[in-house]
Amino acid sequence: MKTKLIILPILTFVLLGLISCAKTGDITVQKAMNAYKKQNLEEALVFFKQAAEEESNYSKETLYTFISTIYTMQEDYEQAIVFQKKSLELKKDYRTIISLAMNYHLLSKDNNAEEIYKEAIAFAPEKSEAYAMLGSLYLSQDKTDAALENLTKASIITPQYAVVHANLAVAHAKKGDFETAAKELEKAKELKCENIEEFKSKIEKLKDSSKK
């Protein structure tokens, strides 16, 4: 079973607001955005790809990211990865690196996902998302010590990260530290973690197993 991923926000397509200096590609992007707003994703893809070949005030990496986002929405993770890589070749971006790793995870290519999460950490060690997701990945692989290390770092950087405390609770329970697990679970509950009962159930099962 795949680890529940922390879903990053879908890119919001914002118009440049360029009128007098608009280029051919900008008009095509406008058409793409209009199609996107109508949830006509196939048409939006056609226009975004067209815009990437035209002169535009939008950078190519931005257009590639738009394209990869739509492919991700369509659950075509292979194609999303292709365009995320194209975007990253032009400009490194933390969110794009994270999204790339998530898509690898969704394809069950966890070795690739692990490598990319580490790349995200090296790129922006002051941010918590990559630590949280790498910790979650390790937790699903029963690499509990590595999970604890990364989840703890994420919780220090962003103490209000509810799902991190929930995952920490499970990690501590796997180590047999049910007292700390209870404290972390309570923090997750206070922060209104989604699916808190699911995490609670996992801990109860671990507690029952420890008594046998």
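Values reported hereafter were calculated over all heavy atoms of this structure, with side chains retained and with hydrogens, waters and symmetry mates removed.
From L106, atom CG reaches atom CD1 of I81 across 8.5 Å, with rounding to the nearest 0.5 Å. Put simply, CD on Q50 and CD1 on I27 are 10.5 Å apart, with the number rounded to the nearest 0.5 Å. Interatomic distance, K91 NZ to S87 OG, rounded to the nearest 0.5 Å: 9.0 Å. Atoms CG and CD1, on D208 and I203 in that order, are 12.0 Å from each other to the nearest 0.5 Å. Distance check: E197 CD to E204 CD gives 10.0 Å after rounding to the nearest 0.5 Å. Separating the CG atom in L63 from the OG1 atom in T28 is a distance of 10.0 Å, to the nearest 0.5 Å.
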CA sep, side-chain torsions, deciding dist, call: E149, K143, salt bridge (Lys or Arg N to Asp or Glu O under 4.0 Å): CA-CA 10 Å; E149 179 183 353; K143 297 178 181 177; over 6 Å; no
Evaluate the side-chain contact (heavy atoms from CB on, under 4.5 Å) criterion for residues L151 and Y131: first the C-alpha distance (whole Å), next the side-chain angles of each, then the deciding distance (0.1 Å), finally the verdict. CA-CA 6 Å; L151 291 167; Y131 290 112; over 6 Å; no
Decide side-chain contact (heavy atoms from CB on, under 4.5 Å) for L137 and S140; before the verdict, give the C-alpha distance in whole Å, the side-chain angles of both, and the deciding distance to 0.1 Å. CA-CA 5 Å; L137 177 63; S140 71; 4.2 Å; yes
Please assess E43 against K38 for the test salt bridge (Lys or Arg N to Asp or Glu O under 4.0 Å), listing each intermediate value before the final yes or no. CA-CA 10 Å; E43 184 176 311; K38 295 175 182 177; over 6 Å; no
Would you check, one step at a time, whether the test side-chain contact (heavy atoms from CB on, under 4.5 Å) holds for Y94 with E129? CA-CA 10 Å; Y94 182 74; E129 292 92 343; 3.3 Å; yes
For the pair Q79 and Q74, evaluate side-chain hydrogen bond (donor to acceptor under 3.5 Å, both in side chains) and give the outcome as yes or no after the intermediate values. CA-CA 10 Å; Q79 281 300 307; Q74 295 177 320; over 6 Å; no
List the steps and the verdict of side-chain contact (heavy atoms from CB on, under 4.5 Å) for F83 and Y71. CA-CA 9 Å; F83 283 92; Y71 274 127; 3.7 Å; yes
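Side chain to side chain, N103 and T72 meet the donor-acceptor criterion of an N or O pair below 3.5 Å. Side-chain atoms of Q30 and N34 form a donor-acceptor pair, as typed in the model, at a separation below 3.5 Å.
A donor-acceptor pair under 3.5 Å is formed between the side chain of S210 and the backbone N or O of K207. Between the side chain of N150 and the main chain of A147, no donor-acceptor pair closer than 3.5 Å is present. For S59 (side chain) and T62 (main-chain N/O), a donor-acceptor pair under 3.5 Å exists by modelled atom type. Remark: side-chain polar atoms of N40 are not paired, donor with acceptor, to backbone N or O of Y36 under 3.5 angstrom. In this structure, T65 contributes its side chain and E61 its backbone to a donor-acceptor pair below 3.5 Å. Here the side chain of S99 pairs no donor or acceptor atom with the backbone of T96 at under 3.5 angstrom.
Between Y161 and S155, the closest side-chain pair of non-hydrogen atoms is not below 4.5 Å. Within the 4.5 Å cutoff, no side-chain heavy atoms of E89 are placed close to those of Y64. Within the 4.5 Å cutoff, the side chain of L185 has heavy atoms near those of the I196 side chain. The closest side-chain heavy-atom distance from K118 to L134 is below 4.5 Å.
Residues Y77 and Y104 are members of one and the same hydrophobic cluster, defined by side-chain heavy-atom contacts under 4.5 angstrom among Ile, Leu, Val, Met, Phe, Trp and Tyr. Neither F48 nor V46 shares a network with the other; the hydrophobic side chains, linked directly or stepwise wherever heavy atoms of I, L, V, M, F, W or Y lie under 4.5 Å apart, form separate groups for each. Note on F123 and L88: same hydrophobic cluster, where clusters join Ile, Leu, Val, Met, Phe, Trp and Tyr whose side-chain heavy atoms are under 4.5 Å apart, directly or indirectly. When the side chains of ILVMFWY residues are joined at heavy-atom separations under 4.5 Å, either directly or via intervening members, Y58 and I67 end up in a single hydrophobic cluster. Linking ILVMFWY side-chain heavy atoms closer than 4.5 Å, directly or via other members, places L168 and L191 in two distinct hydrophobic clusters.
Within 6.0 Å of atom CD in E115, 12 or fewer heavy atoms from other residues, nucleotides or ligands are found, so the atom counts as exposed in its surroundings. Few gaps surround CD on Q39; more than 12 heavy atoms of other groups in view lie less than 6.0 Å from it. In the displayed structure, K49 atom NZ is contacted under 6.0 Å by more than 12 heavy atoms of other residues, nucleotides or ligands. For K200, the NZ atom is loosely surrounded, since the number of other residues' heavy atoms within 6.0 Å does not exceed 12.
Electrostatic pairing of K109 and E114 does not count as a salt bridge here, judged by no charged N lying under 4.0 Å from a carboxylate O. A salt bridge links E119 with K92: the closest approach of a Lys/Arg side-chain nitrogen to an acidic carboxylate oxygen falls below 4.0 angstrom.
In terms of heavy atoms, S56 sits closest to D26 at OG-OD1, 3.0 Å. Taking each heavy atom of C193 and F199 in turn, the nearest pair found is SG-CE1, 4.0 Å. Taking both residues in full, the closest heavy atoms of P125 and A122 are given as CD-O, 3.7 Å, listed atom of the first, atom of the second, then distance. Pairing each heavy atom of A120 with each of A130, the nearest pair is CB-CB, 3.7 Å. Residue G25 comes nearest to A51 through the heavy atom pair O-CB, 3.9 Å, listed as atom of the first residue, atom of the second, then distance. When all heavy atoms of E55 and K23 are compared, the closest pair comes out as O-CB, 3.4 Å.
Results of the side-chain hydrogen bond (donor to acceptor under 3.5 Å, both in side chains) test with K174 over T144, D145, D142 single out D142 as the only residue that passes. No option in E184, K189, Q160, K187 other than E184 meets the side-chain hydrogen bond (donor to acceptor under 3.5 Å, both in side chains) test with H165.
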